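Since the structure comes first, as structure tokens, the remarks are kept for the end.
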Amino acid sequence: MSERTFYITTPIYYPNDKLHIGHAYSTTVADTLARYKRLQGYDVFYLTGTDEHGQKLQRKAEAAGKDPQSYIDGIVSWIQRLWERLDISYDDFIRTTEPRHKTVVQEIFTRLVSQGDIYLADYEGWYCTPCESFWTERQLHEGHCPDCGGTVELVREPSYFFKMSKYADRLIAYYEEHPEFIVPESRKHEMLNNFLRPGLEDLCVSRTSFSWGIPVRENPEHVVYVWLDALTNYITALGYLSQDPILRERFEHFWPANVHLMAKEIVRFHAIYWPIFLMALDLPLPKQIVAHGWLLMKDGKMSKTKGNVIDPNLLIDRYGSDALRYFLLREIPFGQDGVFTPEALMERLNFDLANDLGNLLHRSLSMLGQFCEGVIPAAGTITALEEEVAALAVQSAKQVEEALDRYDFAGALSAVWNLVRRGNRYIDETAPWALAKQQDVNRLGTVLYTVFEALRVISVLLQPFMPKTPHKMWEQIGIEPGEFTTWASAKQFGLLPSGIQSRKGDPIFPRLDVRAEVEALDQMMDQKQGASIVSEQVQGSSTTEIPAAEKADAEMTGVAQLIQIEDFTKVDLRVAQVIHAEAIPKADKLLKLQLDLGTEKRQVVSGIAKYYAPEQLVGQKVILVSNLKPVKLRGVESNGMILAASVGEQLVLATVSGDIPLGAKVK
RNA sequence: GGCGGAGUAGCUCAGCUGGUUAGAGCAUGCGGUUCAUACCCGCAGUGUCGGGGGUUCGAGUCCCUCCUCCGCCA
């Protein structure tokens with residue numbers, strides 16, 4: 001294991017409802033940092049998860065006629081599916097209802113009681129159920145909850161309290177000794193001026209008004225306060241106080257966290273309560289609390305009632321996960337609020353991705369095909385111009401790191417795009433088509449080599465932000481992930497070997513019809529929740545209860561069972577030939593197939609062993625779903641799926657009716 | 001009311017510890033190019049850097065004050 005570790009967390013999300021692009025933003029930001037650190041060679045642990053307790057969830061489940069856990073399970077699997085679709089590379093997903101979390105929280109609570117940091121006393125206050133918050137008399141706004149304006153009820157109950165005041169001075173000192181602790185710094189001032197300096201009140205850390213929580217072991221009518229429960233996920237997930245020595249070791253290895261990432265509204269819990277809990281447990285404090293802004297909609301904060309939420313799945317369906325990630329990271333100045341508008345999204349996708357990056361790759365490959373038979377030439381004489389491009393590439397790589405180190409994602413991407421634009425300009429300046437006409441092979445070689453080397457650097461630098469795009473670029477350029485795609489390789493210009501056979505494909509980002517897309521997106525938002533139901537039914541993955549009103553809404557639109565042509569074109573079907581087939585030991589249904597797609601060979605595992613003997617298959621032409629995410633079946637990697645028709649116990653392979661080259665697209 | 005942040009080209013924003021003619025992208029106008037996804041490249045701009053005062057040889061960048069917006073708290 002590497003010496004350098006990097007532990008990063010997102011907040012654990014509250015699964016009372018489906019998530020929106022604001023949550024996707026937090027998680028994407030954390031993912032980008034996790035990927036960046038992995039590329040730099042850090043031993044990274046990236047944690048996300050769900051915060052599954054609380055009265056709100058209990059009531060929501062009741063309203064849906066379900067027990068809380070099964071209600072939550074449905075939403076959690078929806079969330080996990082979303083993260084999968086967004087290429088979120090988390091190392092663990094913690095759910096606060098898991099035993100590994102609950103038992104440790106109970107143990108922590110017991111310990112804090114026994115050392116006197118938590119004590120039992122009477123609590124009286126005004127309670128707002130939707131907000132799960134207690135308010136003092138004077139905090140109320142005309143007798144109503146100052147947060148939501150709802151009704152409050154006077155509650156008196158014996159409760160456990162945490163002695164916050166005992167640790168306040170130590171925390172202030174910690175802030176002073178660690179000026180980087182809270183990012184951005186203005187949040188630190190808020191903490192100091194509003195809470196720490198005026199004096200912390202003891203925090204009520206238990207509830208008796210509902211039962212959906214972690215029971216206090218020595219007094220089970222009490223459940224642990226949601227924040228004490230939720231925040232500790234950051235240590236329970238790693239293995240704090242685990243029975244398993246390997247997990248305990250993991251905790252020692254990664255704790256303290258390098259970054260707790262979150263939106264600004266929960267900074268207070270992370271910057272005050274959490275460090276104090278940790279002090280009481282005698283654990284080191286996290287290195288940084290990093291707060292980002294909100295993603296707002298045109299008409300303000302996202303909210304279900306405003307009907308301005310947009311299901312991230314719809315955007316992924318339409319534009320792809322990389323495009324969505326790019327937009328989020330590029331458009332929102334980190335730390336500030338950003339505004340989501342269909343127009344802004346379209347501009348970013350068309351201008352930056354399609355016109356600048358996609359077109360640069362495409363035009364370069366096109367020239368390479370026409371002038372060099374698709375083979376990357378050796379560079380000839382290097383002039384000052386090439387040196388300038390090379391210098392910019394190296395500089396861009398450094399700027400990306402500097403920007404990422406200060407959480408300036410927009411700045412990092414803009415550094416990459418400087419290089420993209422320089423690439424386009426370089427092509428104009430050198431006019432390879434003219435060089436080809438003049439048959440200036442030496443100069444043409446230099447120019448095209450330089451262009452592709454710049455593209456290689458660009459692809460390497462994009463890895464943290466857009467996980468799929470670099471692979472698409474490499475595939476078309478003709479390089480395999482390896483020594484030319486490492487993070488460090490971006491700082492060296494001239495690594496790309498010559499003689500590579502490129503494989504020009506479709507443009508990696510299609511140019512979009514702005515007007516049509518804006519209209520479609522506006523409509524999606526107008527449809528409110530109906531829109532996400534359509535998406536779910538297409539995916540067939542939801543176990544979430546759909547309220548009747550929303551069901552009716554979906555039925556009225558009448559399109560739930562239809563798919564768009566775009567949905568179909570996402571599936572890349574190819575003609576392939578079986579060149580080898582063998583049974584997989586201990587798997588009576590599976591065969592391991594080697595396929596020839598013309599341009600490449602593929603290994604696919606197929607569940608057709610009951611119907612076909614391996615020798616029957618060799619030579620057969622089949623239809624391959626070529627862009628299916630790779631999986632391991634019985635430990636054997638499968639890169640795609642072949643199509644077959646089946647009914648009952650009958651199954652036949654789908655094939656082509658005439659002669660056509662391998663790799664031909666089926667549509 | 002207390003504390004903090006922000007106000008820079010039509011729009012979205014960059015401008016670190018004060019230093020030569022204030023920048024980028026988009027939008028606008030003109031021109032070039034044809035390898036490319038009607039794409040790309042060049043040129044042209046416009047800005048009293050919220051208003052006013054001050055410190056300084058010199059301030060968008062520091063200080064004071066006022067206006068507007070936002071955040072946290074009460």
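Source: prediction; values computed, not measured. Residue numbers start from 1 in every chain, and the chains themselves are labelled A, B, ... in the order their sequence lines are given, proteins ahead of strands.
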May I have the distance from [X] (atom [atom1]) to [N] (atom [atom2]), rounded to whole angstrom?
X	N	atom1	atom2	value
A:R348	B:A27	CZ	P	12 Å
A:R197	B:C72	CZ	C1'	14 Å
A:D337	B:C13	CG	P	10 Å
A:F351	B:A36	CZ	P	21 Å
A:Q399	B:A14	CD	P	16 Å
A:L353	B:G25	CG	C1'	14 Å
A:L512	B:U37	CG	C1'	10 Å
A:R268	B:G4	CZ	C1'	17 Å

Checking all strands, does [X] fall into the base, sugar-phosphate, or nothing category for heavy-atom contacts under 4.0 angstrom?
X	result
A:P507	base
A:D356	sugar-phosphate
A:F195	sugar-phosphate
A:N193	sugar-phosphate

Between [N] and [M], how far apart are the two [atom1] atoms, rounded to whole Å?
N	M	atom1	value
B:G10	B:G47	P	9 Å
B:A24	B:C63	P	29 Å
B:C11	B:C73	P	32 Å
B:A38	B:C67	C1'	48 Å
B:A9	B:A27	C1'	12 Å
B:G7	B:G15	P	10 Å
B:G60	B:C16	P	13 Å
B:U33	B:G42	C1'	10 Å

Return the pairing partner of [N] with a 3.5 Å limit on both distances, Watson-Crick or G-U wobble; otherwise return none.
N	answer
B:G1	B:C73
B:C57	B:G19
B:U68	B:A6
B:G42	B:C30
B:C49	none

B:A38 OP1/OP2 closer than 4.0 Å to side-chain N/O of A:R511: no
N/O (side chain, A:R421) to phosphate O (OP1/OP2, B:G25) under 4.0 Å: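 Result: no.
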First of A:N350 and A:K504 reached from the 5' end of RNA chain B, by closest nucleotide: A:K504
Contact nearer the 5' end of RNA chain B, comparing A:I508 with A:P333: A:P333
A:E180 bridged to A:R406 by N-O distance under 4.0 Å: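 No.
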Carboxylate-amine/guanidinium proximity below 4.0 Å for A:E401 and A:K398: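 No, A:E401 and A:K398 are not salt-bridged.
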Return the nearest nucleotide to the side chain of [X]; candidates are [options].
X	options	value
A:E347	B:U37, B:C26, B:C72	B:C26
A:K264	B:C40, B:G71, B:G4	B:G71
A:S366	B:A36, B:C72, B:G5	B:A36
A:N194	B:C26, B:C72, B:U37	B:C72

Under 3.5 Å, is there a donor-acceptor pair linking the side chains of [X] and [Y]?
X	Y	value
A:Y13	A:T27	yes
A:R197	A:N193	yes
A:N442	A:T381	yes
A:E386	A:T383	yes
A:S366	A:Q370	yes

